[in-house]
Amino acid sequence: MANYRRGRINDEMQKELAAIMREVKDPRVCDAFISITGVDVTPDLKYAKVYYSAMRGEPKEVRAGLRSSAGYIRRQVAQRLNLRATPEFIFIEDTSLAYGAHISKLLGSIEISEEEENNDES
């Protein structure tokens with residue numbers, strides 16, 4: 001399968017998964033405010049790594065909720081996307097947003113320190 005086709009499948013699956021996450025009734029999932037940050041489908045379409053970020057909730061509980069609702073999510077994706085095979089989902093927590101916020105906070109504290117030094121020299 002061509003790489004551009006896999007890229008399109010990844011994008012479409014990400015959009016559909018984001019919509020499906022709002023419909024999941026498991027309280028561990030619906031209360032966590034989950035956003036899908038990326039999807040990576042294997043070339044044979046048997047597996048898909050789903051990268052997610054949760055704003056609220058205990059990470060272990062959110063992961064358990066996603067695993068328990070994987071069958072429902074897979075069935076919804078199969079109905080919405082016309083693929084020969086619907087992949088099994090492997091949910092992976094994406095910590096890049098939290099890491100980015102941490103780095104931004106550190107950079108913000110450095111800028112404040114430099115401003116204080118400039119005021120002290122004047």
Side-chain angles (χ1 to χ4, degrees):
M1 172 172 29
N3 243 359
Y4 66 90
R5 182 166 182 254
R6 250 181 68 205
R8 285 194 335 239
I9 290 172
N10 289 341
D11 292 341
E12 284 300 314
M13 197 163 293
Q14 181 177 355
K15 289 177 192 174
E16 292 301 327
L17 284 170
I20 292 168
M21 286 298 161
R22 291 186 223 118
E23 300 170 4
V24 175
K25 299 215 185 320
D26 190 332
R28 297 173 290 190
V29 175
C30 67
D31 294 341
F33 192 67
I34 295 175
S35 62
I36 305 298
T37 58
V39 176
D40 188 24
V41 179
T42 58
D44 60 356
L45 295 179
K46 291 205 183 257
Y47 300 98
K49 291 181 183 175
V50 178
Y51 298 95
Y52 69 93
S53 175
M55 297 296 180
R56 289 181 253 162
E58 183 68 30
K60 288 182 179 182
E61 291 294 320
V62 172
R63 193 175 320 121
L66 286 170
R67 278 196 204 125
S68 70
S69 59
Y72 170 78
I73 294 169
R74 187 175 182 197
R75 186 171 61 245
Q76 291 297 316
V77 168
Q79 289 175 355
R80 296 176 187 203
L81 296 179
N82 188 14
L83 297 172
R84 277 192 199 129
T86 305
E88 289 184 39
F89 297 115
I90 301 165
F91 293 101
I92 301 170
E93 185 176 8
D94 186 7
T95 58
S96 63
L97 295 175
Y99 182 73
H102 175 69
I103 296 297
S104 177
K105 182 179 173 183
L106 289 176
L107 291 174
S109 68
I110 291 172
E111 291 174 7
I112 292 171
S113 299
E114 288 178 359
E115 289 176 8
E116 290 174 357
E117 287 178 11
N118 290 338
N119 290 336
D120 292 340
E121 291 175 2
S122 300

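Because only heavy atoms are used, hydrogens play no part in the values below, and waters and symmetry mates are left out as well, while side chains stay in.
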Rounded to the nearest 0.5 Å, how far does [atom2] of [Y] lie from [atom1] of [X]?
| X | Y | atom1 | atom2 | result |
| --- | --- | --- | --- | --- |
| Glu12 | Leu17 | CD | CG | 11.0 Å |
| Asn10 | Gln14 | CG | CD | 8.5 Å |
| Thr86 | Gln76 | OG1 | CD | 11.0 Å |
| Leu81 | Gln79 | CG | CD | 11.0 Å |
| Glu88 | Thr42 | CD | OG1 | 10.0 Å |

Could you go through Ile73 and Met21, starting from their C-alpha distance and side-chain angles, then the distance that decides it, and tell me whether this counts as side chain to side chain contact (heavy atoms under 4.5 Å, CB included)? CA-CA 8 Å; Ile73 294 169; Met21 286 298 161; 3.7 Å; yes

Among residues two or more places apart or on two chains, list those pairs meeting salt bridge (Lys or Arg N to Asp or Glu O under 4.0 Å) that have a residue in residues 68-83. Glu16-Arg80, Glu23-Arg80

Return the minimal non-hydrogen interatomic distance between [X] and [Y], and the atom names on each side.
| X | Y | answer |
| --- | --- | --- |
| Val62 | Ile34 | CG1-CD1, 3.7 Å |
| Ser68 | Asp26 | OG-OD2, 3.1 Å |
| Arg6 | Asp40 | NH2-OD1, 3.5 Å |
| Val24 | Cys30 | O-CB, 3.4 Å |

Using a 3.5 Å cut-off and no angle test, enumerate the donor-acceptor pairs between side-chain atoms of residues 45-52 and protein atoms at least two apart in sequence or in another chain.
none

Would you say Arg63's side chain and Phe91's backbone share a donor-acceptor pair under 3.5 angstrom? no

Backbone N/O of Arg56 and side chain of Asp31: donor-acceptor pair under 3.5 Å: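 No; zero donor-acceptor contacts below 3.5 Å.
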
Co-membership, hydrophobic cluster, residues [X] and [Y], 4.5 Å side-chain:
| X | Y | value |
| --- | --- | --- |
| Met55 | Ile36 | no |
| Tyr72 | Leu66 | yes |
| Ile92 | Phe89 | no |

